[in-house]
Amino acid sequence: MLKKKVEDICNRQVEREGFSSNLYLAMASWAETNGFNGVASWLYIQSDEEHLHMLKFIKYINERGGKAIMPAFKKPVADYKSVEDVFKEVLKHEEFVTASINEIVALTLDEKDFNTHNFLQWFVFEQVEEEASARLILDKIRLGGKNNMYQFDRDIMSLRTPAATTQANP
Ligand SMILES: [Fe+2]
Ligand SMILES: [Fe+2]
């Protein structure tokens with residue numbers, strides 16, 4: 001049975017993963033309507049992955065005798081100055097999510113909830129990948145992508161790391 005404190009912070013993460021999914025959808029929609037179809041594809045897939053992250057938390061909470069609560073989501077920003085601006089925001093957001101996951105990990109240690117601690121390890125690894133892939137894309141943009149957005153947009157999907165870890169069950 002989940003302790004209330006752990007259940008509440010996991011429900012907070014349901015909201016954060018769901019918001020991430022919506023945020024990346026908003027970014028995908030901006031990219032798609034500004035001629036960046038490759039960037040949009042990358043972001044649509046990213047949004048689907050965040051939806052799966054939300055589901056993992058929902059199922060875990062319910063499986064452990066808690067109750068996952070569907071939150072209201074705040075409206076993500078709809079317009080961006082550039083693709084670089086989008087990925088700066090992606091990196092900032094992933095750093096925020098990493099901090100959020102780390103906070104839950106710390107609480108599970110305080111509460112001696114080793115099951116939840118174990119469940120979270122998948123997310124700890126995932127966040128390393130998420131930040132690295134946002135940084136890689138920003139590097140590519142700064143390395144010259146900015147001067148040739150057509151080529152960058154065409155090639156961005158080749159920068160995706162295989163989704164194998166995303167599909168694995170924690
Ligand atoms: Fe996530
Ligand atoms: Fe993420």
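Ligands are counted one by one from 1 in listed order, and the atoms in each one are counted from 1 as well.
Around the Fe ion (ligand 2), the protein atoms of type N, O or S that sit closer than 2.8 Å are Glu50 OE2, Glu94 OE1, Glu94 OE2, Glu130 OE2.
Counting only heavy atoms from C-beta outward, the side chains of Met54 and Gln13 never approach each other to under 4.5 Å.
Within a 6.0 Å sphere centred on CZ of Phe73, other residues, nucleotides and ligands contribute more than 12 heavy atoms.
Among pairs with a residue in residues 27-43, those fulfilling side chain to side chain donor-acceptor pair (under 3.5 Å) read Glu32-Tyr44, at least two apart in sequence or across chains.
Under the side-chain hydrogen bond (donor to acceptor under 3.5 Å, both in side chains) criterion, Asn62 pairs with no residue at all, not counting sequence neighbours. In this structure Glu7 satisfies the side-chain hydrogen bond (donor to acceptor under 3.5 Å, both in side chains) test with no other residue, sequence neighbours excluded.
When ring centroids are compared, Phe36 and Phe152 stay outside the 6.0 Å threshold.
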